[in-house]
Amino acid sequence: MKTFYVASSKGLANWGADHGLTKHCYKIGVTDGAAEAAVEALNAGEHAGHTDWKLARKGEIDEDEAAVLARVGAKEKLVDPNYYPGIKKAPGIVKVKLANVESRLLMEQTLRGENPHVVKVKTADIVDHLLKLATVKNPQW
């Protein structure tokens, strides 16, 4: 079984905000080992030109990274590493639109039978959104 992880970087968030993407940029990856070791490797290798990567969430998955990125890329925008030289050709970086996260939260409230109400999106909601996109093969939201 492989480990899926979502990592965040303050430097990448600032870079994304400065370059017109969004400050909600995250690294998605799949590793055979521990997610903590993968994040340490990101820091050691200065992935996307940043050394402040932190593990946001991890989970078990039975697919490779290409399949996971394809599934996440169907709902969220993957940052093209060849278009932005500032991220130094780093794959697996996704920018998240808050409207998509809000829509998912409202849909989940409705499916639970609650009266849907708009909630302020937090970082944990964004990371949870990415985790669900990566692990759920046929989402109903």
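Excluded from the calculations below are hydrogen atoms, water molecules and symmetry mates; all remaining heavy atoms, backbone and side chain alike, are included. One-based numbering along the sequence shown.
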**Fill in**
Scanning both residues in full, the closest heavy-atom pair of Pro116 with Thr110 reads CG-OG1, 3.6 Å
**Test item: His129 and Val121 side chains (from C-beta on) under 4.5 Å apart, heavy atoms** = no
**Prompt:** Which distance, rounded to the nearest 0.5 Å, do you find between the CD of Glu46 and the CG of Asp52?
**Reply:** 10.5 Å
**Item:** Same cluster (ILVMFWY, side-chain, under 4.5 Å), Leu55 and Leu130
**Value:** no
**Item:** CD-OG1 distance between Glu60 and Thr3, expressed to the nearest 0.5 angstrom
**Value:** 4.5 Å
**Request:** Side-chain contact test, heavy atoms from C-beta onward, threshold under 4.5 Å: evaluate it for Glu76 versus His24 and give yes or no.
**Result:** no
**Asked** Got Leu69 and Ile28 here, is their nearest side-chain heavy-atom distance under 4.5 Å?
**Response** yes
**Prompt:** Given side chains that start at C-beta, do those of Lys23 and Asn14 come closer than 4.5 Å, heavy atoms only?
**Reply:** no
**Message:** Membership question, hydrophobic clusters at under 4.5 Å side-chain separation (ILVMFWY): are Ile87 and Val94 in the same one?
**Reply:** no
**Complete:** The residue among Asp125, Asn100, Val118 that forms side chain to side chain contact (heavy atoms under 4.5 Å, CB included) with Leu105 is Asp125
**Request:** Considering non-hydrogen atoms only, spot the tightest contact between Ile93 and Ala48 and give its length.
**Result:** CD1-CB, 3.7 Å
**Asked** In terms of hydrophobic clusters joined by side-chain contacts under 4.5 Å, are Tyr26 and Leu78 together?
**Response** yes
**Prompt:** When clusters are formed by joining ILVMFWY residues with side-chain heavy atoms under 4.5 Å apart, either directly or through shared neighbours, do Val39 and Phe4 land in the same one?
**Reply:** no
**Message:** Within the structure provided, determine whether Leu12 and His47 are in side-chain contact (heavy-atom separation under 4.5 Å).
**Reply:** no
**Request:** May I have the step-by-step check of salt bridge (Lys or Arg N to Asp or Glu O under 4.0 Å) for Glu63 and Arg71, ending in yes or no?
**Result:** CA-CA 11 Å; Glu63 295 175 315; Arg71 190 168 35 253; 2.3 Å; yes
**Complete:** Closest heavy-atom pair, Cys25 versus Gly16, reported as atoms and distance to 0.1 Å, is SG-CA, 4.4 Å
**Item:** Leu21 side chain reached by Tyr84 side chain, heavy atoms, under 4.5 Å
**Value:** yes
**Asked** In Å and rounded to the nearest 0.5 Å, what is the NZ to OG distance from Lys75 to Ser103?
**Response** 8.5 Å
**Prompt:** Are the side chain of Trp15 and the backbone of Gly86 linked by a donor-acceptor contact shorter than 3.5 Å?
**Reply:** no
**Message:** Nearest 0.5 angstrom please: Lys58 NZ to Glu36 CD, how far?
**Reply:** 3.5 Å
**Message:** With rounding to the nearest 0.5 angstrom, report the CD to CE distance, Glu102 to Met107.
**Reply:** 14.0 Å
**Asked** Does the salt bridge (Lys or Arg N to Asp or Glu O under 4.0 Å) test come out yes or no for Asp64 and Lys2, once each step is laid out?
**Response** CA-CA 8 Å; Asp64 62 344; Lys2 297 180 181 183; 6.0 Å; no
**Asked** Of all heavy-atom pairs between Pro81 and Ala90, which one has the smallest distance, and what is that distance?
**Response** CB-O, 3.5 Å
**Item:** Criterion salt bridge (Lys or Arg N to Asp or Glu O under 4.0 Å) on Glu65 and Lys27, from CA distance to verdict
**Value:** CA-CA 12 Å; Glu65 189 168 348; Lys27 161 70 175 143; 3.5 Å; yes
**Request:** Output the distance between atom OH (Tyr5) and atom CG (Leu42), rounded to the nearest 0.5 Å.
**Result:** 4.5 Å
**Prompt:** When you look at Lys77 and Lys97, which way does the side chain to side chain contact (heavy atoms under 4.5 Å, CB included) test go after all the steps?
**Reply:** CA-CA 8 Å; Lys77 177 90 167 126; Lys97 291 174 70 175; over 6 Å; no
**Asked** Linking I/L/V/M/F/W/Y whenever any side-chain heavy atoms sit under 4.5 Å apart, do Val6 and Val79 land together?
**Response** no
